[in-house]
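Report on one structure; see the data block that follows.
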Amino acid sequence: MTGAWERLAVVLRHLQIESADLVGRGMTSSLYDIGGGRVLKIHNGPQEQGYLPRLQRFSERLHRYSFPFAVPLIYEYGAVDDVHFHVERRLPGQDMAQVFPRLTSRERRSALTSLLDALPQLHAVQLPQYLYGEPLNVWEEITADTWPGYLQARIEATLAHSYADLQEDLPEVDRIVDAFYCQLGELPARPPKCLVHGDFFLGNVLSDERGILTAVVDFSPLTLIGDPLIDLAGAYYFCRIYDFVSEADFSFLRKEVDRRYGARSWQHIDLYYTFYSLRFSDCKVSDNHTYHWCLHRLRGL
């Protein structure tokens, strides 16, 4: 069963729900409004058996904290005819990536300010009982006793899948990877074990019509326990995938990062940019646009 509507129909019958309205569709799932302040997320592919239970427990834990924005809360999950789904709370707002192009210059600055304002609230959640790494990734379970140790282990795991592609498209890949591993020694070995979204950018937050952030969504296997500065790499460099984000927007965002975190923070933020460029390098076939985003960074090193 591969058709999106067929997959939806079988889940709706299982839940005894008559209809649903499409809210959004991504590479890994589709989201539907099913009424009653709830949305239904249907996952496109098979799920590891323990993933959705772990994600539900994580969402419940998030709700112990008083964030000034909404975060997901999963009510139930399941599978029917190999179609995996979960039902969660409908969060306020729209995809900020859809709202942002309609904003005035002044509203864009306010939107980017509210984007950065959310991060200290997330990063205030510290989880010292965890190892550094990926608390929601049940597929690979990559963790380490030190933060640089995790980063290297993660890239080694990704390169097991992407090295052949990178070697073909980036002949100097060995030099770049070796230099990256060497630079990891510049990072703190054991920073505070903060909650890190891990995929923080315009497409993973919701906002009102003025661009003010209302919710943070899509905690996933990319979510981390580690150095919060890695989310700054996402907030700044992931915007490069959008044609509608202007140089003026980037200039304002960079100045805001300087003001909040200090100009010296870019040394680590840029290293995390390299990390993400290697981290996402295994998607040449599934997401060629992102793959070329990775190559653009790596070719500049």
Side-chain contact test, heavy atoms from C-beta onward, threshold under 4.5 Å: evaluate it for [X] versus [Y] and give yes or no.
{"X": "Leu40", "Y": "Leu15", "result": "yes"}
{"X": "Asp227", "Y": "Val196", "result": "no"}
{"X": "Met96", "Y": "Ser114", "result": "yes"}
{"X": "Tyr65", "Y": "Val71", "result": "no"}

May I ask whether [X] and [Y] are part of the same hydrophobic cluster, defined by side-chain heavy atoms of I, L, V, M, F, W, Y residues being less than 4.5 angstrom apart, directly or through others?
{"X": "Ile34", "Y": "Tyr75", "result": "yes"}
{"X": "Leu131", "Y": "Ile142", "result": "no"}
{"X": "Leu119", "Y": "Trp266", "result": "yes"}
{"X": "Leu122", "Y": "Ile212", "result": "no"}
{"X": "Phe238", "Y": "Leu206", "result": "no"}

**Asked** With a 6.0 Å cut-off on ring centres, are His43 and Phe85 close enough?
**Response**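 No, too far apart.
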
**Request:** Taking the six-membered ring for Trp and the single ring otherwise, decide whether the centroids of Tyr51 and His84 are under 6.0 Å apart.
**Result:**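 No, the ring of Tyr51 stays outside the 6.0 Å limit from the ring of His84, centre to centre.
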
Classify the angle between the aromatic ring planes of [X] and [Y] as parallel (below 30°), tilted (30 to 60°) or perpendicular (above 60°).
{"X": "Tyr237", "Y": "Tyr273", "answer": "parallel"}
{"X": "Tyr242", "Y": "Phe201", "answer": "parallel"}
{"X": "Phe69", "Y": "Phe67", "answer": "parallel"}

**Message:** Please determine whether salt bridge (Lys or Arg N to Asp or Glu O under 4.0 Å) holds for the pair Arg260 and Asp117, giving the CA-CA distance in whole Å, both sets of side-chain angles, and the decisive distance to 0.1 Å.
**Reply:** CA-CA 10 Å; Arg260 295 165 185 243; Asp117 285 346; 2.9 Å; yes

[X], [atom1] atom: more than 12 neighbouring heavy atoms under 6.0 Å:
{"X": "His63", "atom1": "NE2", "answer": "yes"}
{"X": "Arg106", "atom1": "CZ", "answer": "no"}
{"X": "Asn288", "atom1": "CG", "answer": "yes"}
{"X": "Glu141", "atom1": "CD", "answer": "yes"}
{"X": "Glu18", "atom1": "CD", "answer": "no"}

**Request:** Mind running salt bridge (Lys or Arg N to Asp or Glu O under 4.0 Å) on Glu140 and Arg154 for me, showing each step along the way?
**Result:** CA-CA 9 Å; Glu140 293 178 299; Arg154 157 43 62 198; 2.6 Å; yes

**Asked** Taking it one step at a time, do Arg38 and Tyr32 satisfy side chain to side chain contact (heavy atoms under 4.5 Å, CB included)?
**Response** CA-CA 9 Å; Arg38 301 170 300 156; Tyr32 302 89; over 6 Å; no

**Message:** For a quick test of reading the model, state the closest non-hydrogen atom pair linking Phe252 to Arg109 and the distance between them.
**Reply:**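 Here Phe252 and Arg109 meet closest at CE2-O, 3.3 Å.
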
**Message:** Give me the atom names and distance for the closest heavy-atom approach of Arg175 to Leu301.
**Reply:**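 So the minimum-distance heavy-atom pair works out to NH2-O, 3.1 Å.
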
**Item:** Given Leu159, Ile176, Val177, the one that forms side-chain contact (heavy atoms from CB on, under 4.5 Å) with Leu166
**Value:**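 Answer to the side-chain contact (heavy atoms from CB on, under 4.5 Å) test with Leu166 among Leu159, Ile176, Val177: Leu159.
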
**Request:** Please lay out, stage by stage, how Val39 and Lys41 fare under the test side chain to side chain contact (heavy atoms under 4.5 Å, CB included).
**Result:** CA-CA 7 Å; Val39 290; Lys41 179 172 282 191; over 6 Å; no

